[in-house]
Peer 1: 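What follows is a structure written as structure tokens; I'll ask about it next.
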Amino acid sequence: MSIFAITPPSRRVFLPGYGKTTLFLGLLSCLCFLRAPLAADSKPAPAKLSAAQIAEKNVEARGGLQAWRALQTLSVTGKMDAGSGDSALRSDRIARLGAGASVKHAPVGAAAPAGKEGAGKQVQLPFTLEMKRPRKSRLELEFAGKTAVQVFDGTNGWKVRPFLNRNDVEPFTAEELKSEVDRADMDGPLVDYAAKGTKLELAGVEPVDGHDAYKLKLTAKSGKVQHIWIDAHSFLDVKVQGTPRRFDGRMRDTWVYQRDFKTVSGLSIPYEYETAVDGVTQTHKTVFESVKVNTSLDDARFTKPQPVAIPGQAATPKLGALPAPAATGNK
């Protein structure tokens with residue numbers, strides 16, 4: 001399943017002071033990549049396994065083909081890192097007071113005001129992510145008392161970014177739409193990969209976190225190439241190649257690691273994702289607090305947000321107008 005493109009291949013929410021913050025980081029493309037706790041000692045990788053055999057073992061380790069095919073909806077709540085330092089204070093001020101608020105950086109080493117986020121502490125933003133077949137998704141992100149929303153109905157996508165005082169419903173850019181269309185579906189890329197037109201190759205064995213891992217090269221029907229590292233003994237994903245990000249004027253490689261696995265309706269789901277960017281010291285984490293499988297999600301939650309007229313003000317989207325997801329489900 002795919003959440004962070006996560007490796008969303010990336011879905012982005014724009015925060016003042018932070019620039020482009022990639023969600024689930026791509027929030028929408030990494031649930032397909034699961035990782036289990038590894039043994040303390042490293043062992044040689046088993047020999048004579050083909051790429052197809054490794055993919056089959058990976059699907060089994062993640063819960064099995066039948067369980068993934070039975071998955072129809074997924075509802076997740078949690079928190080994600082969104083930066084640190086004085087950018088938190090500046091972003092909060094702009095979000096609350098408007099685009100004309102001061103955006104001066106605090107002096108290097110200056111202490112944060114009492115009761116505010118410290119200079120080295122990550123700001124964590126609550127989020128809710130809902131996904132439904134075929135390829136529908138809704139992401140809500142809270143910051144400074146405001147809620148941003150991104151919706152994809154399987155064909156088109158829209159967003160509302162109140163953090164930038166932009167309350168109008170905006171369509172996805174061409175890049176955002178392509179990223180959403182290209183991302184893996186809820187099964188992930190290794191389930192029925194041949195039927196999806198994906199070519200699979202074994203690119204070698206490499207150490208990851210001190211343990212041998214099979215490096216698989218996936219070439220999608222579109223021609224997009226991605227690498228996934230499968231632990232040689234658990235057969236769960238240890239490392240995933242994410243979507244490159246622009247940093248300091250150039251594109252840099254990214255990797256996503258998954259941890260803290262829990263079983264939800266027979267599926268092995270990681271509750272922690274950590275994204276690392278080549279050449280950047282600080283990493284960013286996304287932590288799941290609740291995961292529900294196959295709850296009832298109304299199709300209306302995946303349609304374009306409708307503006308609501310407010311007397312004396314321009315029409316703004318009423319994000320809470322859609323029906324809430326059902327309370328029943330698995331945790």
Peer 1: In terms of side-chain heavy atoms, does Trp229 have a donor or acceptor partner in Glu206 at a distance below 3.5 Å?
Peer 2: yes

Peer 1: Return the OG1 to CG distance between Thr295 and Leu74, rounded to the nearest 0.5 Å.
Peer 2: 8.0 Å

Peer 1: For the side-chain contact (heavy atoms from CB on, under 4.5 Å) test, which of Ile230, Asp231, Val208, Val256 pairs with Asp237?
Peer 2: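 Going through the options one by one, the only one that passes is Ile230.
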
Peer 1: From Tyr271 OH over to Gln258 CD, what is the distance, rounded to the nearest 0.5 angstrom?
Peer 2: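 Going from the OH atom of Tyr271 to the CD atom of Gln258 covers 15.0 Å.
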
Peer 1: Is the closest side-chain heavy-atom distance between Glu272 and Pro270 below 4.5 Å?
Peer 2: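 Side-chain contact under 4.5 Å: no.
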
Peer 1: If every non-hydrogen atom of Pro162 is compared with every non-hydrogen atom of Ala148, which pair is closest and at what distance?
Peer 2: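 So the two residues come closest at CD-CA, 3.8 Å.
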
Peer 1: What's the spacing between Ser268 OG and Trp68 CH2 if we round to 0.5 Å?
Peer 2: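 Going from the OG atom of Ser268 to the CH2 atom of Trp68 covers 8.0 Å.
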
Peer 1: Taking the basic N atoms (NZ, or NE/NH1/NH2) and the acidic carboxylate oxygens, is any pair closer than 4.0 Å for Glu274 and Lys239?
Peer 2: no

Peer 1: Kindly indicate whether the side chain of Val191, heavy atoms from C-beta on, has any atom under 4.5 Å from the side chain of Arg62.
Peer 2: yes

Peer 1: Let me confirm one number: the NE2-CZ distance from His233 to Phe235, rounded to the nearest 0.5 Å.
Peer 2: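 Reported to 0.5 Å precision, the distance equals 8.0 Å.
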
Peer 1: Would you say the side chain of Val277 lies within less than 4.5 Å of the side chain of Arg245, judging by non-hydrogen atoms?
Peer 2: yes

Peer 1: Is Glu142 close to Thr128 at the side-chain level, that is, under 4.5 Å between some pair of heavy atoms?
Peer 2: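 Contact flag for Thr128/Glu142 side chains = no.
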
Peer 1: Identify whether the distance between the nearest side-chain nitrogen and carboxylate oxygen of Asp187 and Arg133 falls below 4.0 Å.
Peer 2: yes

Peer 1: Are side-chain heavy atoms of Leu71 and Leu267 found at a separation under 4.5 Å?
Peer 2: yes

Peer 1: Please report the closest heavy-atom contact between Leu49 and Lys57, naming both atoms and the distance.
Peer 2: CD2-CE, 4.2 Å

Peer 1: Tell me, with the steps shown, if Asp278 and Thr254 meet side chain to side chain contact (heavy atoms under 4.5 Å, CB included).
Peer 2: CA-CA 6 Å; Asp278 183 35; Thr254 66; over 6 Å; no

Peer 1: Going from CG on Leu129 to CZ on Phe288, what distance comes out if it is rounded to the nearest 0.5 angstrom?
Peer 2: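 Reported to 0.5 Å precision, the distance equals 7.0 Å.
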
Peer 1: Other residues, nucleotides and ligands only: do more than 12 of their heavy atoms fall within 6.0 Å of NZ on Lys196?
Peer 2: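 Yes - once you tally the heavy atoms of other residues, nucleotides and ligands closer than 6.0 Å, there are more than 12.
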
Peer 1: Would you name the heavy atoms of His284 and Ala82 that are closest together and state the gap between them?
Peer 2: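 His284 and Ala82 have their closest heavy atoms at CD2-N, 4.3 Å.
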
Peer 1: Could you please spell out the steps behind the side chain to side chain contact (heavy atoms under 4.5 Å, CB included) verdict for Ser137 and Glu180?
Peer 2: CA-CA 10 Å; Ser137 65; Glu180 190 69 32; 3.4 Å; yes

Peer 1: Which heavy atom of Trp158 sits nearest to which heavy atom of Thr303, and what is that distance?
Peer 2: CZ3-C, 4.2 Å

Peer 1: Can you name the closest pair of heavy atoms from Pro126 and Lys79 and give their distance?
Peer 2: CA-CG, 4.1 Å

Peer 1: Considering only NZ, NE, NH1 and NH2 on the basic side and carboxylate oxygens on the acidic side, decide whether Asp153 and Lys304 come within less than 4.0 Å.
Peer 2: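 Between Lys304 and Asp153 there is no salt bridge, as every charged N stays at least 4.0 Å from the carboxylate O atoms.
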
Peer 1: Find the distance between NZ (Lys292) and OG (Ser265) and round it off to the nearest 0.5 Å.
Peer 2: 12.0 Å

Peer 1: Determine whether a donor-acceptor pair (N or O, by modelled atom type, separation under 3.5 Å) exists between the side chain of Gln72 and the backbone of Lys132.
Peer 2: no

Peer 1: A side-chain contact here means heavy atoms from C-beta on lying under 4.5 Å apart; do Lys199 and Val225 qualify?
Peer 2: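 No, side chains not in contact.
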
Peer 1: Going by salt bridge (Lys or Arg N to Asp or Glu O under 4.0 Å), name the pairs with one or both residues in residues 64-78, residues two or more places apart or in two chains.
Peer 2: Arg69-Asp192

Peer 1: Answer yes or no: is there a side-chain heavy-atom contact under 4.5 Å between His227 and Lys217?
Peer 2: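 They are in side-chain contact.
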
Peer 1: Any heavy-atom pair between the side chains of Asp299 and Lys136 that's under 4.5 Å?
Peer 2: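 Of all side-chain heavy-atom pairs linking Asp299 with Lys136, at least one is under 4.5 Å.
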
Peer 1: Working note: Glu130 + Leu297, criterion side chain to side chain contact (heavy atoms under 4.5 Å, CB included); need CA distance, chi angles, decisive distance, verdict.
Peer 2: CA-CA 8 Å; Glu130 298 170 337; Leu297 294 178; 4.0 Å; yes

Peer 1: Name the residue from Ile228, Thr219, Ile54, Leu190 that meets the side-chain contact (heavy atoms from CB on, under 4.5 Å) definition with Leu200.
Peer 2: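 Among Ile228, Thr219, Ile54, Leu190, the one meeting side-chain contact (heavy atoms from CB on, under 4.5 Å) with Leu200 is Leu190.
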
Peer 1: Can you classify the ring geometry of Phe172 versus Phe152 as parallel (below 30°), tilted (30 to 60°) or perpendicular (above 60°)?
Peer 2: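 Judged by the thresholds at 30° and 60°, the geometry between Phe172 and Phe152 is parallel.
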
Peer 1: Charged N to carboxylate O below 4.0 Å: is that the case for Glu140 and Arg138?
Peer 2: yes

Peer 1: Any donor and acceptor pair, going by atom type alone, linking the side chain of Thr263 with main-chain N or O of Gly266 inside 3.5 Å?
Peer 2: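 Such a contact is absent between Thr263 side chain and Gly266 backbone.
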
Peer 1: Charged N to carboxylate O under 4.0 angstrom, Lys159 versus Glu170?
Peer 2: no

Peer 1: With distance as the sole test, does Asp81 use its side chain to make a donor-acceptor pair with the main-chain N or O of Lys285 at under 3.5 Å?
Peer 2: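 Judged by distance alone, yes, a pair lies under 3.5 Å.
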
